[in-house]
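Let me begin by presenting the structure, written as structure tokens, before commenting on it.
Here is the naming used below: chain letters follow the sequence lines, and residue numbers restart at 1 for every chain.
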Protein chains: 2
Amino acid sequence: MAEAERTRTRIVRAAVDEASRLGLEGLTVGSLARRLGMSKAGLVGPFGSREQLLEAALEHSGKIFWSAVIEPLADLPPGRSRLERLIAAWVDYLADCPFPGGCFVTAASSELDGRPGPLRDRLRSTVTSSRERLAAEVAAAQAELPGPHRPPEEVVTTLIGLSMAANQEIQLLEDPSAPTRAREAMRHAAGLDR
Amino acid sequence: MAEAERTRTRIVRAAVDEASRLGLEGLTVGSLARRLGMSKAGLVGPFGSREQLLEAALEHSGKIFWSAVIEPLADLPPGRSRLERLIAAWVDYLADCPFPGGCFVTAASSELDGRPGPLRDRLRSTVTSSRERLAAEVAAAQAELPGPHRPPEEVVTTLIGLSMAANQEIQLLEDPSAPTRAREAMRHAAGLDR
DNA sequence: GAAGATAGCGAACGGTCGTACGTTATCTGA
DNA sequence: TCAGATAACGTACGACCGTTCGCTATCTTC
């Protein structure tokens, strides 16, 4: 009975891969089934509908980001050095991206931001909780650093923006200097280079 | 004979509007024709194909951005106050966006970054020339400001990133404090608040 | 007022979309 | 050994996709 679960994750993984290239909208049941060598019915079956498959893919992509950027911090106490590592991991994630079409969360955000529905709601909560977590990391680091400081919320916006800009430079412009520039800009924005 | 031209721009305008909500991929000939009260053939005819219609829409959206953010600077000499005005206009553009689904260029960038083709090429050149223009503005402003300065390229990346993050906060998160935060972060990143 | 260009329509095409439904192998437990 | 559950299949469906092609109004211009 665990067979179904393995199939499910196999499908979700392929869906994330495909949707990262073509967008959530661009992912079709037929092409994904063909790619996995199964029937359309067998592909959608475990999820109920294409929409729910997309939800599962979105959730999985969030976990990929989380395990690449957030989880490696677990053995460090909050503070300056943990924010240092977070930024390093984040840039590495962008430079050597687990998604073939660039950061999935960023792409999904652009695609879904004007389309109300469960997908958008799910994404919004992912983004909101990431922002909160990031704000806490920034505040903890600032407490260890000499002031004055920018408001943590502003630093969060700047860091997220830099990740988006770096993603564009890497994916669209194919600029090899993007990761280094992003790292330095992030460290500066976080007050880590003083 | 100018009738055709007026129809063309009418179609392009509607296409930009629709694609800003649904994405370039999500724009279909049928729905756009229905919305404009014309036939599918009559809609695509002036462009040759849907793809070429999308190209025209992409070009038009670039012009909208340009006329909202860059053209108002024409009567100012390069330098600090011109960068001030650029940032103000940019945030206004994001906060009160001419596209119903948020900044079109940002959305198109996410959507096209992994899909080679003429659309991607066109977008890439739009982004590249905007970056160059922006770098020149930053350099001119820095020349009027007390040092030390971050590299102009890094400032450009930060400003573009902040526009993307603000766009997300406005469109996806619907955060009313986003424009103010973006304005302050941009002014800080550009060294204008010292 | 006839001839020709222009601009858009309407119908049809082959193809693909997502979904529904009944069927069939394959495993599981009594 | 055999009944039942499981997991995926194949087929069919109606809807919509983008494109093609011939037609028809509506204007110009002689």
(request) Answer yes or no: side-chain N or O of B/K40 and base N or O of C/dG10 forming a donor-acceptor pair under 3.5 Å. (result) no
(request) For A/L27, answer base if it contacts any base atom (sugar-phosphate contacts may also be present), sugar-phosphate if it contacts only those atoms, and nothing otherwise; contact means non-hydrogen atoms under 4.0 Å. (result) sugar-phosphate
(message) Is it true that B/T28 and B/R50 share a donor-acceptor pair across their side chains at a distance under 3.5 Å?
(response) no
(request) Can you tell me the distance, in whole Å, between the CZ atom of B/R10 and the P atom of C/dA7? (result) 14 Å
(request) Using distance alone, with no hydrogens and no angle criterion, decide if A/S49 and A/Q52 have a side-chain donor and acceptor under 3.5 Å apart. (result) yes
(request) State, without any angle test, whether B/E169 and A/T157 hold a side-chain donor-acceptor pair at a distance under 3.5 Å. (result) yes
(request) Using atom CZ of B/R50 as one end and atom C1' of D/dG18 as the other, report the distance to the nearest whole Å. (result) 8 Å
(request) Among the candidates C/dC17, C/dT19, D/dC17, find the nucleotide nearest to the side-chain atoms of A/T28. (result) C/dC17
(message) If you compare every side-chain N and O of A/T7 against the phosphate oxygens of D/dA8 (OP1, OP2), does one of them come in below 4.0 Å?
(response) yes
(message) Go nucleotide by nucleotide along DNA chain C from the 5' end; which of A/S31 and B/G37 gets its closest nucleotide reached first?
(response) B/G37
(request) Pick base, sugar-phosphate or nothing for B/G30, based on heavy-atom distances below 4.0 Å to the nucleic acid. (result) sugar-phosphate
(request) Could you check how far CG of A/L43 sits from P of D/dG10, rounded to whole Å? (result) 13 Å
(message) Please report the distance, rounded to the nearest Å, between CZ in B/F47 and P in C/dG8.
(response) 10 Å
(request) Check the distance between D/dA8's C1' and A/R6's CZ and give it to me in whole angstrom. (result) 14 Å
(message) The side chain of B/S39 is closest to which nucleotide in this list: C/dT19, C/dG10, D/dT19?
(response) C/dG10
(request) Take the protein atom CD of A/Q52 and the nucleotide atom P of C/dA20, then report the distance between them rounded to whole Å. (result) 11 Å
(message) Which label fits A/F104 and A/F99: parallel for a plane angle under 30°, tilted from 30 to 60°, or perpendicular past 60°?
(response) tilted
(message) Between A/M38 and B/E25, which residue's closest nucleotide on DNA chain D lies nearer the 5′ terminus?
(response) A/M38
(request) Round to a whole Å and report the spacing from CD1 of A/I11 to P of C/dG18. (result) 14 Å
(request) Measure from the side chain of A/A41, starting at C-beta and using heavy atoms only, and say which of C/dC9, C/dC17, C/dC21 lies closest. (result) C/dC21
(message) Under a 3.5 Å threshold, yes or no: a donor from one side chain and an acceptor from the other, between A/E84 and A/S81?
(response) no
(message) From CD of B/E5 over to P of C/dG8, roughly how many Å is that when rounded to an integer?
(response) 11 Å
